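Read through the structure below, which is laid out as structure tokens, and then see the notes.
Everything numeric here is computed off the predicted structure, so don't read it as measured data.
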Amino acid sequence: MKTLVSISDLTLSPLPGDQPCSAISRCGTSWTIPGIVLEGAWSFGSEVLVCTTEDIPYEEALHFCLLGADGKILDQIRLGGIYQTGMFALLKTGSATIRFRFFNHAAHELTVSEQPVWRMPFFGDPKGVGRSVGFSKRLLVDRSET
């Protein structure tokens with residue numbers, strides 16, 4: 001069973017352009033990910049989960065990307081909205097779960113699944129959570145008001 005372990009051996013370099021994105025590398029493998037501020041990183045077996053923000057006042061966005069050892073992004077989610085401001089706060093980590101706050105007083109819980117889980121596009125994620133179109137996901141996110 002895989003578990004999330006905090007890591008710090010990543011190199012993040014913001015890339016020029018209109019969209020805030022960065023090149024991130026670890027152990028000779030590189031990825032291009034959204035966001036320019038690294039909020040946290042965890043290994044999950046041979047995979048890496050990174051959390052970044054864009055550093056745009058009044059329209060901040062939070063990104064979680066699950067990165068494969070082969071240089072591919074396995075899954076990613078974005079939390080944010082127009083005129084939303086947020087600040088990442090890590091509340092707790094578990095074996096495959098991260099509990100955090102980003103905007104308002106709502107706490108979110110992100111769980112990394114070892115295998116892809118079937119999903120219906122456009123349904124099932126809390127308000128403010130976006131992801132690319134597809135029929136499977138590895139990053140599962142829930143929201144609570146407490």
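- Residues Leu90 and Phe100 share a closest heavy-atom pair of CA-CB, 4.4 Å.
- Remark: side-chain polar atoms of Ser22 are not paired, donor with acceptor, to backbone N or O of Ile24 under 3.5 angstrom.
- A salt bridge (charged side-chain N to carboxylate O under 4.0 Å, His left out) check over residues 63-74, counting only residues at least two apart or in different chains, returns nothing.
- Counting heavy atoms from C-beta on, the side chains of Leu38 and Val50 come closer than 4.5 Å.
- Nearest heavy-atom pair across Ala61 and Arg78 is CB-NH2, 3.5 Å.
- For the pair Trp31/Ser25, no side-chain contact is recorded, criterion being any heavy-atom separation below 4.5 Å from C-beta on.
- Looking at heavy atoms from C-beta onward, Glu47 lies in side-chain contact with Leu74 at the 4.5 angstrom threshold.
- Within the 3.5 Å criterion, the main-chain N or O of Pro34 finds a donor-acceptor partner in the side chain of Thr52.
- The pair Arg143-Glu109 does not meet the salt-bridge criterion, since no charged nitrogen lies less than 4.0 angstrom from a carboxylate oxygen.
- Residue Leu139 forms a side-chain contact (heavy atoms from CB on, under 4.5 Å) with just one option from Leu49, Asp125, Ile98, and that option is Leu49.
- Other members of the hydrophobic cluster containing Leu140, listed by chain and number, are Val117; membership follows side-chain contacts under 4.5 Å among ILVMFWY residues, whether direct or relayed.
- In plain terms, the two heavy atoms of Pro14 and Ile36 that are nearest each other are CB-CG2, 4.0 Å.
- Considering all non-hydrogen atoms of both residues, Pro126 and Val141 come closest at CD-O, 3.5 Å.
- When all heavy atoms of Lys2 and Glu114 are compared, the pair lying nearest together is N-OE2, 3.2 Å.
- Using a 4.5 Å cut-off on side-chain heavy atoms (C-beta onward), Gln76 and Leu66 make no contact.
- The salt bridge (charged side-chain N to carboxylate O under 4.0 Å, His left out) analysis of residues 25-38, with sequence neighbours excluded, yields the pairs Asp9-Arg26.
- Ile56 places a side-chain heavy atom less than 4.5 Å from the side chain of Pro20.
- The two residues Ala107 and Arg99 have their closest heavy-atom pair at CB-NH2, 3.5 Å.
- Between Val129 and Leu79 there is a side-chain heavy-atom pair separated by less than 4.5 Å.
- Side-chain rings of Phe102 and Phe64 stay apart, their centers remaining 6.0 Å or farther from each other.
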